[in-house]
Amino acid sequence: MKMIIAIIKPFKLDDVRQALTSLGVQGMTVTEVKGFGRQKGQTEIYRGAEYTVQFLPKVKVEVVVPDDMAERVVEAVQTSAKTEKIGDGKIFVYDIERAYRIRTGDTDTDAL
Amino acid sequence: MKMIIAIIKPFKLDDVRQALTSLGVQGMTVTEVKGFGRQKGQTEIYRGAEYTVQFLPKVKVEVVVPDDMAERVVEAVQTSAKTEKIGDGKIFVYDIERAYRIRTGDTDTDAL
Amino acid sequence: MKMIIAIIKPFKLDDVRQALTSLGVQGMTVTEVKGFGRQKGQTEIYRGAEYTVQFLPKVKVEVVVPDDMAERVVEAVQTSAKTEKIGDGKIFVYDIERAYRIRTGDTDTDAL
Amino acid sequence: MRSLLKPLAPGGLAAVLLPLLTAVAFAQETTVVEETVVAAAPTFSAGDTAWMLTSTALVLMMTIPGLALFYCGMVRKKNQLAMAMQSFAICCLVTILWMIAGYSLTFTDGGALQTYIGGLNRVLLHGMAIDSVNSLAATIPESVFMMFQMTFAIITPALITGAFADRMKFSALMWFMAFWSLLVYVPIAHWVWGGGFLGGAGVLDFAGGTVVHINAGIAGLVTCIVIGRRSGYGSENMAPHNLTLSLIGASLLWVGWFGFNAGSAVTAGPRAGMAMTVTQIATAAAALSWLFTEWVVRGKPSILGIISGAVAGLVAITPASGFVNPTGGLMIGLIAGFICFAASVWLKNALKYDDSLDVWGVHGVGGIVGAILTGVYADPAVGGSDTAGNPIAGLFFGNAAQVWTQVEGVIVTIVYCAVVSFILLKIIDLIIGLRVTQEQEVAGLDLSLHGEILH
Amino acid sequence: MRSLLKPLAPGGLAAVLLPLLTAVAFAQETTVVEETVVAAAPTFSAGDTAWMLTSTALVLMMTIPGLALFYCGMVRKKNQLAMAMQSFAICCLVTILWMIAGYSLTFTDGGALQTYIGGLNRVLLHGMAIDSVNSLAATIPESVFMMFQMTFAIITPALITGAFADRMKFSALMWFMAFWSLLVYVPIAHWVWGGGFLGGAGVLDFAGGTVVHINAGIAGLVTCIVIGRRSGYGSENMAPHNLTLSLIGASLLWVGWFGFNAGSAVTAGPRAGMAMTVTQIATAAAALSWLFTEWVVRGKPSILGIISGAVAGLVAITPASGFVNPTGGLMIGLIAGFICFAASVWLKNALKYDDSLDVWGVHGVGGIVGAILTGVYADPAVGGSDTAGNPIAGLFFGNAAQVWTQVEGVIVTIVYCAVVSFILLKIIDLIIGLRVTQEQEVAGLDLSLHGEILH
Amino acid sequence: MRSLLKPLAPGGLAAVLLPLLTAVAFAQETTVVEETVVAAAPTFSAGDTAWMLTSTALVLMMTIPGLALFYCGMVRKKNQLAMAMQSFAICCLVTILWMIAGYSLTFTDGGALQTYIGGLNRVLLHGMAIDSVNSLAATIPESVFMMFQMTFAIITPALITGAFADRMKFSALMWFMAFWSLLVYVPIAHWVWGGGFLGGAGVLDFAGGTVVHINAGIAGLVTCIVIGRRSGYGSENMAPHNLTLSLIGASLLWVGWFGFNAGSAVTAGPRAGMAMTVTQIATAAAALSWLFTEWVVRGKPSILGIISGAVAGLVAITPASGFVNPTGGLMIGLIAGFICFAASVWLKNALKYDDSLDVWGVHGVGGIVGAILTGVYADPAVGGSDTAGNPIAGLFFGNAAQVWTQVEGVIVTIVYCAVVSFILLKIIDLIIGLRVTQEQEVAGLDLSLHGEILH
Ligand SMILES: Nc1ncnc2c1ncn2[C@@H]1O[C@H](COP(=O)(O)OP(=O)(O)O)[C@@H](O)[C@H]1O
Ligand SMILES: Nc1ncnc2c1ncn2[C@@H]1O[C@H](COP(=O)(O)OP(=O)(O)O)[C@@H](O)[C@H]1O
Ligand SMILES: Nc1ncnc2c1ncn2[C@@H]1O[C@H](COP(=O)(O)OP(=O)(O)O)[C@@H](O)[C@H]1O
């Protein structure tokens, strides 16, 4: 199985979720994160001080899928998360050895 | 070493923590996440609108352990996080190449 | 490419970010997490009850870099996050198979 | 059976309330005009009226948003909206009940039954003309007196909600509060203030130590025992989720309490001034007393401690506020702060009931301490004489008997309130069930009962 | 062109306001002394003055922090500071405009134009000496009357901001509100209360159902249509981010409304008492009416529902509060709660305008319901007689004509307000643009307009 | 040595306070009766009393929850409870101290020492009978006057806490505030209002520009310099964590300030009305002045800016509020908004002291601006004449000398307050230490001092 991690713009979450479910993905896990990258944050002002918000709000989507779906999932995220503006985010893929479903004890692709 | 990621129901966190410490696990890292899966969210209502909370609050536990402990850790999480209701969550396991303890510079299993 | 995960003390985030950017790292993703480890939490008191905060606030930094940079990144985090007090945190390293930049479709080291 | 009746809950409440209201409303429509014949135009004091209008606003502010915030900051995040909702909903519900019958049964002449209950003269406020006067407040319009008293009838049931936080069904809550207001609050208020037997027996309760606080405290204790502990009690962390909200709430309670206590003078004169003074002193003394006790005993002075102490002081001075001098206020505060700390921290832990937000520990115990100490510190230089011309004095001013009168008042209230509350709870439990399901409780009442969460 | 003018926005506002102020300020400096010649020392009532000082504070509290909280809890997290900011900024802006010209144009004699607009006697409060009196409030100093009325002029534009939440430029908002206050609020207030043609025609509006609520409701509806829907409307989750804040806000609105309605008696007497009574009853009735309707229709009683209902009740009783008896208050509340529910939930969804926080659904519709029902329930036993000696009565008290008078008042207000608001918006849109960019909207107004966020 | 004494802190405070209280309390018990002999029954004005009771509630609300919220929203999340706690604890502490000695030393006749300090007549409020009167407020009960003044004594030290936010030990804070109240606030209040030499010299300070604001501002500046900067100052992001809380706080300060300024008329009459008017105008003007300055200079109008400006305006108008006309109020507001902006943004950055929440920049500087401009804009048509029959006039009304009198008052206050505050701080630092450890500071005061956090 593959873990696909996508760091995306928060307002794109719904689009990504829909793109994935229409591929047949049954579950995913989402975390609010802060991203630092080429996209520069906006400036906060504050009595006597002014500083740039270095970290911008992003959303991290983690989804584990069988090896043969990985490619399609990456493409679906690519398409649905793109705004073509700087800061759209990244996708990282790596290998997962084992997966378990806690409720039933199912393992590996059965667990997803 | 293995990274074990468990996505569990928030109110099970304390049970999981206890199960792991009683195995001798010394540390872990916990994140509040939102999960999407078979378990369906409840409905929020709101003047003129009604929508389902797609994402349910979950907790992600990350723990890195030596290879030989991995199996036992997975079992401990299985047992302690189970309610046998839908939405109990998943466990994912993968390989970690290197680990370091920042304070001392210890590496690999010494660092855990 | 390597994923480097660093669990650090929150007030060290800025130092770590600077250390990494001065190495030429272009981006990273940060999550607020709660850590459980050797460092013991402080005690919260509350009418008729007293309990120890088991989980301490930590920050997780995730950064993906080309293989040849991994070593230097680990060192930079080591140095910049260290206070030499218990609870300084951990660094975990593992392999990433593929990376994509959503905006452009660039892959692997070009995507970072 | 419960599940069959469950869907009836909202419909049931609505079905009972709305048509009833509509019917009687129209019935009254035609008669209200003829009622406005009043003997002679009374002369109101604009100054007194100004202060009582203000006091009414202040006491309403105690419940919404004061109490709503005080309580909602103390529960877990997932229940905060539901907690605040309860105070708000009770405010609405009791307003209507007070209009329909509460005021009349409490503050009008009950004729032969006057010892036990008031009359029906003012049902639906029928006959309360624009210039009517209630003899209990001769210098202000009756409408203002009725409104001022309404705010007391509102806050009392709202106080109870802290005891069973995080686990009662909203429908059960509404039914319980509706009946409790009419069957417990109304008679006890009549007994003490409306011409009933407790006031007649000389029980001193200036602003509601017995009627409001002991009453709410006992009802809370009974309810939390009947409904049982929160699931996870003792194992899960149930610390207050946002004490800033509670601190705002406690502050608004404090400020609003000036309306409660100084307003109970029903005039803008020296008695109101002295009541305000002793209220302030007792509150500060109790807050410091709790804070320092905790600091010494547990090592840290907590926010929850100082605000709890302040509320304990406010509660304890309430019955005494028109009768004691500043020194009396100081002593009552110091004692109440310490005793309520002990009740909320040690007693509760020892007996293992889950009075979630310490309604019994603070309002019940604080009310009892205050009621009894009123019998100790009442100073005739402040309180003057009763209608029979006897000075209103406590133990320290030569009248030891007053202590016993006070104790009697406390016992009557405790027994009556406990019994009726218990019966009411059992009946409601039987018919629609008191408690949410385990699943709803774990998910949090905000989402499961009201479909709303904090984003 | 817009982008060129954009940087001018703050400078423009400042450039217009500050020098103007400074200039006229100094001009007046030398003349203010000679003005203080007053016929004979008036005798003020300390009681009435006390109540009106208090009422002024209460009504100010309705806007800041009441309305600011009510609204800011209902928007998404990223816009909450900007939302609260708008009420605060409007409070400051209107204060200065009311001082410069608003008060004078509303409440002084306009001579030949009196039917349509007041005079310039009190521009910059010129001539308002310490013991001046306005004949509309004979027992209190003019300064107090001016201040009380100022708080109404403040809240009205602030109410509008809910309709176009999350998408208007702050500079556009300031320009719009400045002109709207002077060109819409001031004339309508003059027509109804200042001696203009609507009051003269017998339109009843005790505390501002027409002047404040219908006016704000219509302006809100027009604005939200002109400016368009929020981006993401219908697809993104736009549920209120923190209903605890909204509940505090609604509570402070409720408490403050005692100043609004009972204060509108301008005396601390029986009429204020009765106004407070009917306000309380109508509010509670409307809150329950909305709550139960929602509970039955949608299955859950929501926090947003009960507080919306309460505000709907407050709005609807406003025009009626000095004229109806408690039964009238009850009926108005029950009806308003239901109708405003329908307007905010069904009507809005059917017509697909994005009145974000239901300014039209609650204030517009509630104000219309209240205005018309005032013509139904007005009871001469409460409202007495008009200056011509005719009893102030509604349909149920034998005067069916009053209903039509009320409807006329409503129509005049709607038409005038809609037309002028529309023109104003179009002009501002042309010159500096009304709406933020799509990017700013997605990032949230807190950061993009004010450079501040919640940490 | 410090570490040995540290555990004594709570015990020490308690050990000093409680037995002292108890002892004197009982001592007084027996004597209070005989004191109640009052010459002739005074005639109180119910209207004035109503307004002063209300004003007292309003000014208390300024500190809790007003100031508590204003400050707690501006610090970082990990210190918010501790910040709010400080205002609450000071409220309790000063209440008791004011009762014990503060009131007596400020407002009773000091005999031979009257120029410098009041007498001991009212220690523990001994002899303040229910119908006593203080000659400074002839129409209301002394209890009300004492309470009203207490709320001023409470807010002044609470204001200081903003300057050293996030780093002082709670025990040190309590000791400092206890002594500061008695050794700095009490004498200065006596000098200006209680019959001391500043009031005698003709210094004008209607509601506390000097006594309250300059005093707190200077104490804040001294404290933040003595205690040093926050660790991480200049490198870590210390932006306000929740400006919604600060906006609520600022709003409640504004509303409550009507009690502060209009209440300082001590009657419900035209002077109160005019004071309310100029307060409103100056506040709005200063808020806009700060907002527009910031908008032009820094490109964005911020929430922190508008609320800071409003508070600056409230501060600056305070000394002037009973003496100037509306135009004067407008000018004072415009000037104060701009100067306080400069002080808080430019001056602070230039000199690099860490006055965390700008107590000096807003209250110190604003108070000085207000005090001096009172000498410029005082208008005899508003302020009338002094006891010697001379019109109370400023520079623009022909009395240039008043400016210098004002400056003298400012200088005396600054010097006395700075010196005594400095000595107090050094002594406390020596004995128990002022500052928390670096570790506590990084962990946040909420958890490390009070054992509580936001969940
Ligand atoms: N090397 C990296 N490792 C981990 N996360 C990264 C890395 N580079 C970027 N990110 C994440 O991706 C987000 C977007 O990156 P950014 O450089 O701003 O724009 P773009 O994706 O268009 O190149 C960042 O905010 C950060 O969260
Ligand atoms: N393929 C997946 N990848 C990552 N996380 C997943 C995946 N499937 C499920 N999850 C996580 O596990 C949680 C539980 O899954 P769900 O399908 O609701 O129930 P169950 O675990 O009982 O099958 C989800 O809320 C989500 O956080
Ligand atoms: N085995 C582990 N797996 C994942 N995270 C860990 C593990 N051990 C420690 N951590 C994380 O590292 C943090 C610091 O660890 P701790 O044992 O307190 O101190 P130190 O790093 O100095 O040994 C913990 O709070 C936790 O977040």
Side-chain angles (χ1 to χ4, degrees), chain D residues 45-48 50-51 54 58 76-77 239-244 247-248 250-252 254-256 258-259 262 267-274 276-277 280-281 283-285 287-289 291-293 295-296 299-304 306-307 310 325-327 330-331 334 379 381-382 396-397, chain F residues 10-11 13-14 17-18 21-22 25 28-29 32-33 36 44-51 53-54 56-57 60-61 64-65 68-69 72 80-82 84-85 88-89 91-93 95-96 99 124-125 128-131 140-144 146-147 150 170 245 248 268 449-452 454-455:
Chain D
S45 155
D48 291 350
W51 173 234
T54 306
L58 285 171
R76 285 162 295 168
K77 205 170 184 174
H241 89 283
N242 187 338
L243 284 172
T244 299
L247 187 136
I248 312 178
S251 302
L252 293 178
W254 189 334
V255 172
F258 285 171
T267 45
R271 200 154 186 200
M274 195 55 101
M276 182 182 251
T277 302
Q280 177 77 10
I281 291 169
T283 306
L288 294 176
S289 166
L291 185 80
F292 284 120
T293 307
W295 203 344
V296 169
K300 278 182 181 171
S302 75
I303 284 89
L304 186 61
I306 197 169
I307 63 179
N325 60 44
T327 311
L330 181 69
M331 296 310 301
L334 290 174
D379 175 354
V382 173
F396 280 11
F397 294 83
Chain F
L13 271 173
L17 269 178
L18 301 188
L21 293 182
T22 319
Q28 196 210 348
E29 206 66 59
V32 75
V33 182
T36 16
F44 299 121
S45 155
D48 291 350
T49 305
W51 173 234
L53 288 164
T54 306
T56 306
L60 180 64
M61 189 180 76
I64 55 165
L69 284 169
C72 102
Q80 72 156 300
L81 296 174
M85 169 73 158
F88 202 94
C91 173
C92 298
L93 180 69
T95 295
I96 302 300
M99 180 214 187
L124 265 166
L125 303 183
M128 188 187 81
I130 193 162
D131 53 1
I140 63 172
E142 184 177 5
S143 59
V144 178
M146 184 280 297
M147 280 296 298
M150 181 197 283
F170 184 68
L245 295 181
I248 312 178
L449 294 188
H450 304 293
E452 294 170 313
L454 211 83
H455 287 274

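Each chain gets a letter, A, B and so on, in the order its sequence line appears, and its residues count up from 1.
You'll find the side chain of D:F258 reaches within 4.5 Å of the side chain of F:L60, heavy atoms only. Using a 4.5 Å heavy-atom cutoff, the side chains of F:H455 and D:P240 are not in contact. You'll find the side chain of D:T277 reaches within 4.5 Å of the side chain of F:M146, heavy atoms only. You'll find the side chain of D:I303 stays beyond 4.5 Å of the side chain of D:T244, heavy atoms only. Residues F:S143 and F:I130 fail the side-chain proximity criterion, which asks for heavy atoms closer than 4.5 Å. Under the 4.5 Å side-chain criterion, counting only non-hydrogen atoms from C-beta, F:F170 is in contact with D:L291. Put simply, the side chain of D:Q280 does not reach to within 4.5 Å of the side chain of F:T56, judged on heavy atoms. Side chains of F:T49 and D:W51 form no contact here, defined as non-hydrogen atoms less than 4.5 Å apart.
For D:A46, no part lies under 4.5 angstrom from a heavy atom of chain F. With a 4.5 Å cut-off on non-hydrogen atoms, F:A268 does not touch chain D at all. Both the backbone and the side chain of F:M85 come within less than 4.5 Å of a heavy atom of chain D. D:L304 touches chain F through backbone and side chain together, each having a heavy atom under 4.5 Å away. The contact between D:S302 and chain F is made by backbone and side chain atoms together, counting heavy-atom distances below 4.5 Å. Heavy atoms of F:L69 lying under 4.5 Å from chain D belong exclusively to its side chain. Interface residue F:A68: only side-chain heavy atoms are found under 4.5 Å from chain D. If you measure heavy-atom distances from F:P65 to chain D, the contacts under 4.5 Å come from both the backbone and the side chain. No part of F:I248 comes within reach of chain D, as not one of its non-hydrogen atoms sits under 4.5 angstrom from that chain.
In terms of heavy-atom pairs under 4.5 Å with chain F, the best-connected choice from D:V382, D:I281, D:N242, D:T54 is D:I281. Contacts with chain F were tallied for D:T293, D:T267, D:I307; D:I307 has the most, counting heavy-atom pairs under 4.5 Å. Listed options D:A272, D:A250, D:P270, D:G47 were ranked by heavy-atom pairs under 4.5 angstrom with chain F; first place goes to D:P270. Among D:H241, D:K77, D:R76, the residue with the largest count of heavy-atom pairs under 4.5 Å with chain F is D:H241.
Annotation for D:M276 and F:A57: closest pair CE-N, 4.4 Å, computed over non-hydrogen atoms.
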